[in-house]
Student: 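Take this structure, written in structure tokens, and hold onto it; I'll ask about it next.
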Amino acid sequence: QVQLVESGGGLVQPGESLRLSCVVSGTTITNYIMGWYRQAPGKQRESVAHITSGGLTNYNGAVKGRATISRDNSKNAVYLQIDNLKPEDTAVYYCHHVSLDYWGQGTQVTVSK
């Protein structure tokens with residue numbers, strides 16, 4: 001079956017960086033749009049970043065300039081690096097195979113002193 005497994009979350013201090021990984025099994029990511037979403041406590045899930053099969057990217061305004069989404073089709077993986085993390089980045093981050101509508105289980109990112 002299709003699985004998206006996120007990793008790389010954790011507890012970090014404001015200003016630090018994190019790199020989240022999403023490894024996909026059971027299907028390919030090649031030729032498909034992939035995305036990262038996040039959901040903070042008490043809030044709706046929101047889009048963070050997307051990347052097309054050709055490498056075009058777009059970002060949520062809240063992370064634009066601080067985040068980089070990338071993909072490695074040979075590893076069937078997608079990555080999200082966020083620099084200069086802020087407390088408002090605290091959320092569960094989810095990987096999404098947009099084209100086939102599969103979701104990962106999420107990885108918690110907590111930004112706090």
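Note that these values count all heavy atoms, side chains included, but never hydrogens, waters or copies made by symmetry. As the structure is a prediction and not an experimental result, all values here were calculated from the model.
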Student: Could you walk me through whether T90 and V109 pass the side chain to side chain contact (heavy atoms under 4.5 Å, CB included) test, one step at a time?
Tutor: CA-CA 5 Å; T90 295; V109 172; 5.9 Å; no

Student: Does V111 reach the side chain of E16, with side-chain heavy atoms less than 4.5 Å apart?
Tutor: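 V111 vs E16: side chains apart.
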
Student: Could you check V2 against L100 for side chain to side chain contact (heavy atoms under 4.5 Å, CB included), going step by step and ending with a plain yes or no?
Tutor: CA-CA 10 Å; V2 176; L100 301 181; over 6 Å; no

Student: Whether the side chain of R71 engages the backbone of T52 through a donor-acceptor N/O pair (distance < 3.5 Å, no angle test) should be reported.
Tutor: yes

Student: Using distance alone, with no hydrogens and no angle criterion, decide if S112 and T110 have a side-chain donor and acceptor under 3.5 Å apart.
Tutor: no

Student: A cation-pi test, strictly: NZ or CZ of R19 under 6.0 Å from the centre of the six-membered ring of Y79 and no more than 45 degrees from its axis. Yes or no?
Tutor: yes

Student: Could you state the interatomic distance from CG (L4) to OG (S25), rounded to the nearest 0.5 Å?
Tutor: 7.5 Å

Student: Measure from the side-chain N and O atoms of D83 to the backbone N and O of S17, and report whether any donor-acceptor pair falls under 3.5 Å.
Tutor: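 Between the backbone of S17 and the side chain of D83 there is no qualifying donor-acceptor contact (under 3.5 Å).
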
Student: Mind checking whether Q13 and L85 have side chains closer than 4.5 Å, heavy atoms only?
Tutor: no

Student: Considering only heavy atoms from C-beta outward, does the side chain of W36 approach that of C22 to under 4.5 Å?
Tutor: yes

Student: Backbone N or O of V92 within a donor-acceptor pair of the Q39 side chain at under 3.5 Å?
Tutor: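 A pair under 3.5 Å: no.
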
Student: Please check if the distance between the ring centroids of H97 and Y32 is under 6.0 Å.
Tutor: yes

Student: Quick one: are K86 and R66 in side-chain contact, heavy atoms under 4.5 Å?
Tutor: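 Yes. Closest side-chain heavy atoms under 4.5 Å.
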
Student: With a 4.5 Å limit on heavy-atom distance, are the side chains of W103 and C95 in contact?
Tutor: no

Student: Between N76 and T27, is there a donor-acceptor pair closer than 3.5 Å when you use the side chain of the first and the backbone of the second?
Tutor: yes

Student: Can you tell me how far apart CG (D72) and OG1 (T30) are? Round to the nearest 0.5 Å.
Tutor: 9.5 Å

Student: Going by the side-chain contact (heavy atoms from CB on, under 4.5 Å) test, name the single residue among I51, L20, T68 that passes it with L80.
Tutor: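 Considering I51, L20, T68, a side-chain contact (heavy atoms from CB on, under 4.5 Å) with L80 is found only for L20.
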
Student: Side chain to side chain contact (heavy atoms under 4.5 Å, CB included) for V48 and Y93? Distances and angles first, verdict last.
Tutor: CA-CA 9 Å; V48 178; Y93 285 71; 4.2 Å; yes

Student: Quick one: does any side-chain atom of E6 pair with a main-chain N or O of Q105 as donor and acceptor, under 3.5 Å?
Tutor: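 Confirmed, E6 side chain pairs with Q105 backbone.
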
Student: Cationic tip of R45 within the cone over Y94's six-membered ring, i.e. under 6.0 Å and within 45° of the normal?
Tutor: yes

Student: Hydrophobic clusters here meaning ILVMFWY residues chained together by side-chain heavy-atom distances under 4.5 Å, can you tell me if V23 and V98 are in one?
Tutor: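 V23 does not cluster with V98.
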
Student: Quick check on the hydrophobic clustering: are Y37 and V24 connected, directly or via other members, by side-chain heavy-atom contacts under 4.5 Å?
Tutor: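 No, because Y37 and V24 fall into different hydrophobic clusters, even though each may have its own neighbours under 4.5 Å.
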
Student: Surrounding OH of Y102 (heavy atoms of other residues, nucleotides or ligands, distance under 6.0 Å), is the total greater than 12?
Tutor: no

Student: Is there a side chain to side chain contact (heavy atoms under 4.5 Å, CB included) between V63 and R38 once you walk through the steps?
Tutor: CA-CA 11 Å; V63 301; R38 68 185 181 185; 3.7 Å; yes

Student: Within this structure, what is the CD1-OG distance for the pair I33 and S99, rounded to the nearest 0.5 Å?
Tutor: 5.0 Å

Student: Within a 6.0 Å radius of atom CD on Q44, are there more than 12 heavy atoms belonging to other residues, nucleotides or ligands?
Tutor: no

Student: Can you check whether H50's main-chain N or O pairs, donor with acceptor, with T57's side chain at less than 3.5 Å?
Tutor: no

